[in-house]
Structure formats: C-alpha cells, structure tokens
J.: 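Pasting in a structure now, in structure tokens, and then I'll have a few things to ask.
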Amino acid sequence: MRYSEMFLPTIREVPSDAESVSHQLMIRAGMIRKLTGGIYSYLPLGYRVIRKVEQIIREEMNRAGAQEVFMPAVQPAELWQESGRWDMYGKELLRFKDRHMREFCIGPTHEEVVTDLVRNEIKTYRQLPRNLYQIQTKFRDEIRPRFGVMRCREFGMKDAYSFDADWPGADKSYDKMFEAYSRIFTRCGMKFRAVEADTGNIGGSFSHEFMVMAETGEDAVIFCSNPGCGYAANLEKAEIAGPESPGAAEAMKPLEEVHTPDVRTIEEVCAFLGVKAEDIVKTLIFVCDGKPAAVLVRGDHEINEAKLRSYLKCDSLELAADDVVLNVTGSPKGFAGAIGVKADVVADYSLMHMKNFVMGGNREDYHVRNANLERDFRVKAFADLRFATPLDRCARCGSPFEFARGIEVGHIFKLGTKYSKAMKAVYLDSDGHEQYMVMGCYGIGIGRTAAACIEQNHDDKGIIWPMSVAPYHVIITPVNVNDSGLAKASEEVYGALLARGLEVILDDRDERAGVKFNDADLIGIPLRVTIGPKRLAEGKVEVRERKSGETKVLAVPAALDYITDAFRREVDIKCFE
RNA sequence: CGGGGCGUGGCGCAGCCUGGUAGCGCACCUGUUUUGGGAGCAGGUGGUCGUGCGUUCAAAUCGCACCGCCCCGACCA
C-alpha cells in the first residue's frame with residue numbers, strides 16, 4: 001500500500017485522556033478512535049492487527065478440533081431466564097425491548113445461545129464431543145471502561161464451548177484448549193503465564209486465566225517460587241497454606257473495654273493503643289444474599305471478597321451499609337467486633353491461634369483488649385478468606401510466593417453441568433439413559449490481546465510489532481520522493497517485495513526523512529528499507545530492524561533475500577516441534 | 001454509584017481568580033527555499049469557549065442545573 005493513499009492518521013502529541021502506554025500508542029499510531037465511552041472504531045492499521053490475531057486464533061482452534069460458528073449478538077430474555085442469569089448478571093447486561101415489547105439483551109457471552117443450539121441438535125453420545133467457537137462482538141456495560149480497548153464495553157471476543165459426554169472427556173477438551181491458548185499467545189509474540197483463577201459469574205468448577213505479564217496489568221498474580229511446584233494463581237484465588245500450628249500457650253487475660261474516642265481505622269487503633277496491626281482483629285459486616293455476616297481477619301490482612309463469596313456460596317455479596325452495621329453491631333462503623341454481634345461469624349484461618357487480641361467493642365468510641373475465641377464469642381467456621389501477602393507460603397509446597405502483575409487476555413473454564421442442567425442439554429448414553437452434557441467454555445479478548453501485545457512490545461518511539469501480528473511486514477522509505485532515481489528504485493523494491501508475498505507500505509509521501517522515520521517507528525513495522533542517494537549510487541539500500549535498531553547495507557537482490565528470510569524466521573514457530 | 005479532576009479551532013494548551021478585543025504551539029491551505037531522524041521564511045483557512053438557565057449595560061470568565069470525558073474504588077476477555 002502507498003502511504004500517500006492510506007487512511008492512517010498518526011499523532012505526534014500524546015492524547016491527554018489516554019493513560020496506559022498501549023492506549024496512547026494505539027491512538028497515536030492511528031489504530032483506533034473513540035466513538036463514545038468504552039466504544040471504539042478500528043482504523044485500517046488497527047483492524048489489520050485484529051485480523052492477524054483472529055487468524056492465529058482460528059488456525060489454532062481448528063487445529064485443536066474446534067469448529068467455527070457465528071451466533072447472534074441479540075438474544076431473547078427467555079434463554080437467560082432459563083439459565084437464571086437474567087436476574088443474576090446485573091447491570092453489565094445491556095437489556096432492551098423490541099417493538100412488541102419483548103425483552104432482549106446484547107450478548108455479553110454466549111453460553112445460553114450455544115447450549116440452546118446444541119441441545120436441539122445433539123441427541124446421542126455418538127455426536128459427542130463437540131467444540132464450537134466464534135469470533136464475535138460482545139457488549140458488557142462495564143461500570144468503568146478504561147485503558148482504551150483494554151477494557152471497553154463493546155469488544156471482539158473469541159468464545160468457544162465444549163460439550164462432552166462425561167467429566168474425563170471434559171477434562172480432555174479443557175486440556176486441548178489449554179494447549180491451543182498457549183500456542184496462540186506464543187505465536188502472538190507475548191510472554192504469558194496461565195494461572196488458576198476465580199470463575200466469577202460465568203460459573204463452573206475450575207478455571208485458568210492466561211496472563212500477559214506487564215507491570216501495568218490490572219490483575220495481581222502470584223507464583224510459587226519453587227519451580228518443581230509450579231503453582232500460579234490470580235491473587236483473588238491464591239490459596240494460602242492452612243492454619244499455622246499453635247504457638248506457645250499464652251494465658252488468657254481478662255477482657256477489658258477501653259475508651260477509644262474517634263479511633264476507627266487499624267492505623268488509628270495501633271497508634272492509640274500502642275499495638276501492632278497483627279494483634280488486632282478486624283470485623284467487617286457483609287450482607288450475603290440479604291443476610292448479614294460478620295467476617296473476621298487479622299488487622300494486617302485484607303479480606304478477599306472472591307474467596308468469601310465462594311466460601312459462603314452466595315449470589316450477592318456486599319459490604320453492609322451504615323444502618324445495617326448499626327443494627328447488627330449496635331455501633332457506628334469503626335467499632336465493630338464479634339462479641340455480641342447479631343450475625344453469623346466466620347473467621348480467617350489466621351485467627352485460630354490468636355490470644356488476647358484487640359477488637360471493636362460494638363459500642364461507639366470503645367474497643368476491647370484481651371479478647372479471646374470461645375471465651376468471649378463463638379466463630380461458626382474458619383476458612384481461607386484473605387488475600388495472600390508476601391509473608392505467606394504456597395499452600396501446595398510451603399515455598400515463598402512471588403508477586404507479579406498481568407493482563408488477562410484469555411480465560412478457560414470447566415463449566416461442568418451448570419448450563420446443561422439449567423437448560424436441559426441432555427443426550428442418550430450407550431445404555432439408552434439420559435445424561436447431562438459436561439461443558440467447558442473458553443474466551444480470548446481480541447482487542448485486549450492486541451493492546452497487551454503493545455504493552456509488552458514498545459519503546460519510547462512507538463510500537464514494536466512481532467512479525468506475526470504486524471499490520472505490515474516492511475515499510476520502504478525513500479528519503480526524497482522528488483529524486484526520480486530514488487523514486488524509481490523504491491517502486492522496484494516495492495514491486496519485488498509484494499511479488500514475494502510480503503505486506504509492504506511504500507512511504508511515497510513528500511515529507512522529510514525524519515517525519516517518515518518517526519512514523520515508521522511509531523506504527524511499529526518490523527522491517528524498514530531506507531532508500532537514499534549515497535547508498536543507491538552503489539546499488540545498495542539499508543534494511544533496519546525495528547526491534548534491535550540493527551541496520552544492514554545490502555545490494556538490492558541481497559536485501560530482498562534478507563527480508564524474506566527475516567520474515568520467515570520470525571513467523572516460523574519453532575517452539576512447538 | 002461514591003470520591004477527585006477536566007471540557008476553549010483537528011491535537012496539546014493559555015486566558016477565568018480580578019467580567020469588556022478569543023490567544024499560543026502543532027496540524028491544515030498557498031507561495032518559496034530546502035530534503036538521511038518531526039525544516040526555514042512569507043501569507044492564509046478554521047472556534048455556537050460542552051449544553052441550558054440565571055446575574056449583569058456586558059459572560060469563555062460569576063451562580064445554578066444538566067451532559068460528556070479522564071483518574072481512584074466494587075466487575076471482567
């Protein structure tokens with residue numbers, strides 16, 4: 001493509017409303033433009049990258065035996081009522097009515113539609129397993145879209161759904177997708193880790209997230225430092241080694257109420273009473289499916305709501321409002337404790353052996369010292385309810401954890417029979433008995449993958465595309481298009497590279513060399529051929545690699561071969577043989 | 001939804017406090033000189049100052065309301 005004819009508006013200045021590197025660069029490189037909050041257009045350059053990512057996904061999904069379908073974005077409410085998610089999904093689900101006042105939504109995901117499709121067509125174990133996938137636009141009315149295409153409301157997603165006759169089969173389908181995802185993100189040129197994750201409102205028994213490692217990632221992940229163990233998980237999910245063994249027996253001291261006027265936070269309590277955060281027990285009141293619950297953790301720990309939600313097995317969970325706190329504890333916020341609280345009490349494992357601790361007094365401006373389990377209050381159950389800290393140890397092997405940040409580009413779930421039961425997706429087994437299909441579902445955010453790729457592959461001049469997803473492989477930069485010799489040579493190189501099947505930009509704009517070099521760097525084309533008067537007089541051109549900055553001066557035929565080799569070398573996936 | 005910030009040519013901003021002429025850089029158009037890392041000179045196009053109501057002789061500027069956007073929290077590919 002000739003640059004002079006392209007719709008490629010690059011921007012020199014950093015847009016003021018873009019925060020993350022990938023967001024800034026996607027706008028500056030003319031890949032995307034915002035239509036409205038969380039809704040973006042892809043311009044030609046951006047869309048080429050999207051199509052490259054999609055193509056890699058297609059190839060790997062097909063290789064793994066999945067088949068591509070295309071399901072509707074608009075979905076009837078009845079299906080969602082059948083699965084129970086019409087009421088559960090919340091405000092993220094964009095709902096509307098048609099002219100007959102029938103209710104619909106725009107699909108944020110497609111478990112309902114695909115389950116409906118499969119239950120109507122698959123009748124026997126002989127037709128299983130099947131894996132159907134699509135690449136399609138989803139809409140999730142996110143509370144706060146941000147970072148451009150990284151977290152937006154309308155976005156492209158590859159979603160796949162597997163249907164198996166039994167659990168071992170479903171495990172096999174899951175493993176195949178795990179393998180396919182690993183190949184996909186490797187081919188996209190990214191460093192990633194698969195980590196165990198919380199299943200959220202998709203549901204199911206088990207899941208892995210594919211995390212692209214980046215300091216700017218929204219997710220915290222932990223890894224076991226022992227390579228032989230290999231445990232890795234989202235911080236939300238990360239299991240902490242169970243209760244420690246009891247320390248030296250300490251005698252219980254008498255409970256003592258202390259006046260602590262206007263002392264509410266852990267920091268304030270520490271300062272006022274001269275105690276350490278780990279000597280305090282923090283009491284938070286939650287409302288779980290309409291019922292209050294008091295949750296206890298040590299003062300230096302944070303409650304993990306995802307763990308709490310899964311432990312309590314509740315659909316809705318939120319911190320209690322002020323009036324509920326007053327009602328349950330008898331005091332305003334800041335003085336809640338477990339003694340005499342009008343709610344079930346659950347506590348983190350770390351409390352099991354605590355003695356003589358400080359906690360809220362359930363009375364305004366009072367705390368208590370020397371509180372003790374059993375003697376002063378009862379805990380209904382102990383569980384792992386908090387976030388891991390750098391002091392914690394791996395639950396599997398006892399080694400220390402390492403912390404990192406990542407961007408969730410893919411998520412695979414073992415759904416089990418959640419949807420097949422709710423929607424009666426059944427088949428007849430070889431004995432003629434009706435059985436529920438065992439499902440899995442597997443998502444990849446397309447735009448997010450492209451954005452994550454930029455987060456990992458850029459420098460201060462712009463994007464550095466891996467060859468496999470680059471919008472073009474080569475850009476030819478004649479230093480001066482008004483020089484007829486340079487123009488002619490550029491056209492020849494352009495034609496020759498196209499003939500070799502490469503995707504090429506010829507920067508035929510009447511701009512100064514510096515402008516063209518900067519644009520080429522910004523949009524991140526992996527290889528640049530510079531054609532200038534001095535080299536050309538010797539029949540030579542320069543080939544520069546974007547990533548390394550390495551420049552080779554070569555005669556034209558040698559340059560063509562070098563470029564072709566570099567292309568093959570980088571797109572070739574050696575890592576899988 | 002709660003907390004914070006911002007809306008002024010396409011982009012980045014100043015002006016607002018202390019009401020009275022809309023201004024700067026980049027981009028864009030014309031001419032000219034230039035041509036290997038974002039050129040120089042000369043001339044030029046383009047703005048309902050987010051929207052509405054109010055205060056005032058007079059509002060980008062003061063007040064109120066609304067809308068939009070960005071950042072921080074609960075969601076997720």
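None of these values were measured; they are calculated from a predicted model. In what follows, chains are A, B, ... by sequence order, proteins preceding strands, each numbered from 1. When reading the values below, keep in mind they use all heavy atoms of this one structure, side chains included, and skip hydrogens, waters and symmetry mates.
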J.: Report the residue (A/Ile446 or A/Val14) whose heavy-atom-nearest nucleotide on RNA chain B is the more 5′ of the two.
T.: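 In this pair, the answer is A/Val14.
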J.: Compare the aromatic ring of A/Phe155 with the six-membered base ring of B/A77 and state whether they stack according to the 5.5 Å and 30° rule.
T.: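 Here A/Phe155 meets both the 5.5 Å and the 30° conditions.
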J.: Evaluate side-chain hydrogen bond (donor to acceptor under 3.5 Å, both in side chains) for A/Tyr133 paired with A/Asn131, printing each intermediate quantity in order.
T.: CA-CA 7 Å; A/Tyr133 78 98; A/Asn131 187 330; over 6 Å; no
J.: Can you identify which nucleotide, out of B/C76, B/C11, B/U35, has its nearest atom closest to the A/Arg151 side chain?
T.: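 Output: B/C76.
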J.: State whether the distance check finds a donor on one side and an acceptor on the other, under 3.5 Å, for side chain A/Glu542 versus base B/G36.
T.: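 Yes.
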J.: Only pairs with both distances under 3.5 Å count, Watson-Crick or wobble alike; so what is the partner of B/C16 in this structure?
T.: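 Looking at the geometry, B/C16 pairs with no nucleotide.
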J.: Is there, by distance only and without an angle test, a donor paired with an acceptor across the side chain of A/Asp219 and the base of B/C76 below 3.5 Å?
T.: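 By the distance-only test, yes, there is a pair.
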J.: Report which part of the nucleic acid A/Gly532 touches: base, sugar-phosphate, or nothing (heavy-atom distance under 4.0 Å, all strands).
T.: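 If one applies the 4.0 Å heavy-atom cut-off, A/Gly532 turns out to touch a base.
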J.: Between A/Arg153 and A/Phe139, is NZ or CZ placed under 6.0 angstrom from the six-membered ring centre and within 45° of the ring axis?
T.: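 Relative to the ring axis of A/Phe139, which defines the angle, A/Arg153 lies outside at least one limit.
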J.: In Watson-Crick or G-U wobble terms, both distances under 3.5 Å, what is the partner of B/U56?
T.: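 When the pairing criteria are applied, nothing turns out to pair with B/U56, so the answer is none.
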J.: Work out how far the C1' atom of B/U8 is from that of B/G12, and round it to whole angstrom.
T.: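 Here B/U8 and B/G12 have their C1' atoms 12 Å from each other.
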J.: Under a 3.5 Å cut-off for both distances, is B/C1 Watson-Crick or wobble paired, and to whom?
T.: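 B/G73 - that is the nucleotide pairing with B/C1, both distances being under 3.5 Å.
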J.: Say we look at B/U21 and B/U61: how far apart would their C1' atoms be, to the nearest angstrom?
T.: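 The answer is 14 Å between these two C1' atoms.
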J.: Answer yes or no: does a side-chain N or O of A/Ser16 lie under 4.0 Å from OP1 or OP2 of B/G12?
T.: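 So the side chain of A/Ser16 is within the cut-off, an N or O lying under 4.0 Å from OP1 or OP2 of B/G12.
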J.: On a whole-Å scale, what distance lies between the P atoms belonging to B/G25 and B/G5?
T.: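 Taking atom P in both B/G25 and B/G5, they lie 31 Å apart.
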J.: What is the distance, rounded to the nearest whole Å, between atom CD1 of A/Ile407 and atom C1' of B/A77?
T.: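 Going from CD1 in A/Ile407 over to C1' in B/A77 covers 12 Å.
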J.: Can you check the A/Asp510 CG to B/C28 P distance for me, whole Å?
T.: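 These atoms are roughly 12 Å apart.
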J.: What's A/Cys152 touching, base or sugar-phosphate or nothing? Going by heavy atoms closer than 4.0 Å.
T.: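 Touches a base.
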J.: In whole angstrom, give me the gap between the P atoms of B/C62 and B/G10.
T.: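 Comparing P positions in B/C62 and B/G10 gives a spacing of 24 Å.
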J.: When we call it a touch if two heavy atoms are under 4.0 Å apart, what does A/Pro9 touch: a base, just sugar-phosphate, or nothing?
T.: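 Touches nothing.
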J.: Name the pairing partner of B/U35, where a pair is Watson-Crick or G-U wobble with both distances under 3.5 Å, or state none.
T.: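 In the structure as shown, B/U35 has no Watson-Crick or wobble partner.
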J.: Using a cut-off of strictly less than 4.0 Å, decide whether A/Arg144 has a side-chain nitrogen or oxygen near OP1 or OP2 of B/G3.
T.: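 Looking at the OP1 and OP2 atoms of B/G3, neither is under 4.0 Å from any side-chain N or O of A/Arg144.
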J.: According to the interplanar angle, ranging from 0 to 90°, do the rings of A/His208 and A/Phe178 count as parallel (below 30°), tilted (30 to 60°) or perpendicular (above 60°)?
T.: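 Correct class here is perpendicular.
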J.: May I ask you to decide if the ring planes of A/Phe96 and A/Phe104 are parallel, tilted or perpendicular, using 30° and 60° as cut-offs?
T.: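 If you compare the ring of A/Phe96 with that of A/Phe104, the planes turn out parallel.
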J.: Heavy atoms only, 4.0 Å cut-off, all strands: where does A/Asp159 land among base, sugar-phosphate and nothing?
T.: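 The answer is nothing, as A/Asp159 stays clear of every strand by at least 4.0 Å.
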J.: Would you say the base of B/G37 and the side-chain of A/Glu511 have a donor-acceptor pair closer than 3.5 Å?
T.: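 Counting by modelled atom types and ignoring angles, no donor-acceptor contact under 3.5 Å is found here.
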J.: What's the OH-C1' distance between A/Tyr133 and B/A77, to the nearest Å?
T.: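 So the two atoms are 17 Å apart, to the nearest Å.
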J.: Need one value for A/Val409: base, sugar-phosphate or nothing, where a base atom within 4.0 Å counts as base even if backbone is also close, heavy atoms only.
T.: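 Answer is sugar-phosphate: A/Val409 comes under 4.0 Å of backbone atoms only.
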J.: At under 4.0 Å between heavy atoms, what does A/Gly445 touch on the DNA or RNA strands: base, sugar-phosphate, or nothing?
T.: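 Base contact.
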J.: Which one is paired to B/U21, where only Watson-Crick or G-U wobble pairs with both distances under 3.5 angstrom count?
T.: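 Looking at the geometry, B/U21 pairs with no nucleotide.
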J.: Base, sugar-phosphate or nothing for A/Gly156? Non-hydrogen atoms, less than 4.0 Å.
T.: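 Nothing, no nucleic acid heavy atom in range.
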J.: Please state how far atom CZ in A/Arg140 lies from atom P in B/A77, giving the value in whole angstrom units.
T.: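 Result: 5 Å.
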J.: Is it the case that the base of B/G37 and the side chain of A/Arg528 share a donor-acceptor contact (distance under 3.5 Å, atom types as modelled)?
T.: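 It does, because a donor-acceptor pair links the side chain of A/Arg528 to the base of B/G37 below 3.5 Å.
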J.: Do the charged groups of A/Arg85 and A/Glu111 touch, with an N to O distance under 4.0 Å?
T.: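 Salt bridge between A/Arg85 and A/Glu111, a charged N being under 4.0 Å from a carboxylate O: yes.
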J.: Both A/Glu408 and A/Lys461 contact RNA chain B. Taking the nearest nucleotide for each, which residue is further toward the 5' end?
T.: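 It is A/Lys461 whose nearest nucleotide is closer to the 5' end.
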J.: Pick base, sugar-phosphate or nothing for A/Phe413, based on heavy-atom distances below 4.0 Å to the nucleic acid.
T.: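 Result for A/Phe413 = sugar-phosphate.
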J.: Is there a Watson-Crick or G-U wobble partner for B/A65 with both distances under 3.5 Å, and which nucleotide is it?
T.: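 The answer is B/U51, by the H-bond criterion.
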J.: Nearest-Å distance, CD1 (A/Ile184) to C1' (B/A77)?
T.: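 Distance, rounded to whole Å: 13 Å.
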J.: Expressed as a whole number of angstroms, how long is the span from A/Asp17:CG to B/G5:C1'?
T.: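 For the pair A/Asp17 CG and B/G5 C1', the rounded distance is 13 Å.
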J.: Would you mind pulling out the nucleotide paired to B/C26, Watson-Crick or G-U wobble, both distances under 3.5 Å?
T.: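 B/C26 is paired with B/G10.
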J.: Rounding to a whole Å, what distance do you find between A/Arg546:CZ and B/G37:C1'?
T.: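 Interatomic distance, CZ of A/Arg546 to C1' of B/G37: 13 Å.
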J.: In whole Å, measure the gap between the C1' atoms of B/C64 and B/C57 for me.
T.: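 Rounded to whole Å, the distance is 23 Å.
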J.: Taking the P atom of each, how far is B/C16 from B/C11, in whole Å?
T.: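 The same atom, P, in both gives a distance of 23 Å.
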J.: Any N or O donor-acceptor pair under 3.5 Å from the base of B/G37 to the side chain of A/Asp521?
T.: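 A donor-acceptor contact between them is present.
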J.: Give the rounded distance in Å between these two atoms: CZ of A/Phe387 and C1' of B/G73.
T.: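 So the two atoms are 12 Å apart, to the nearest Å.
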J.: Can you tell me which residue among A/Ser173, A/Ser162, A/Ser207 is in a side chain to side chain donor-acceptor pair (under 3.5 Å) with A/Tyr442?
T.: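 The option that passes is A/Ser162.
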J.: How long is the straight-line distance from CD1 of A/Ile464 back to CD1 of A/Ile525, given to the nearest 0.5 Å?
T.: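 So the CD1 of A/Ile525 and the CD1 of A/Ile464 are separated by 12.5 Å.
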J.: Can you name the nearest heavy-atom pair linking A/Gly189 to A/Gln456, along with the distance?
T.: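 That would be O-OE1, 4.3 Å.
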J.: Whether A/Thr36 contacts B/C69 is assessed here as follows: a side-chain N or O lying under 4.0 Å from the phosphate OP1 or OP2. Is that the case?
T.: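 It does, given that an N or O in the side chain of A/Thr36 lies less than 4.0 Å from OP1 or OP2 of B/C69.
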J.: With sugar-phosphate meaning primed atoms plus P, OP1 and OP2, does A/Arg153 contact a base, only sugar-phosphate, or nothing at under 4.0 Å between heavy atoms?
T.: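 A/Arg153: no heavy atom of the nucleic acid under 4.0 Å.
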J.: Would you say a side-chain N or O of A/Lys34 is under 4.0 Å from OP1 or OP2 of B/C70?
T.: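 A/Lys34 to B/C70 OP1/OP2: side-chain N or O found under 4.0 Å.
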J.: If you measure from the P atom in B/G23 to the same atom in B/G47, how many Å do you get, rounded?
T.: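 Per the computed distance, 13 Å lies between those P atoms.
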J.: Less than 4.0 angstrom between a side-chain N/O of A/Arg512 and OP1 or OP2 of B/A39, yes or no?
T.: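 So the side-chain polar atoms of A/Arg512 do come within 4.0 Å of the phosphate oxygens OP1 or OP2 of B/A39, strictly under.
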J.: Under 6.0 Å from the six-membered ring centre of A/Trp86 and within 45° of its axis: does the NZ or CZ of A/Arg95 meet both?
T.: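 Yes, a cation-pi geometry.
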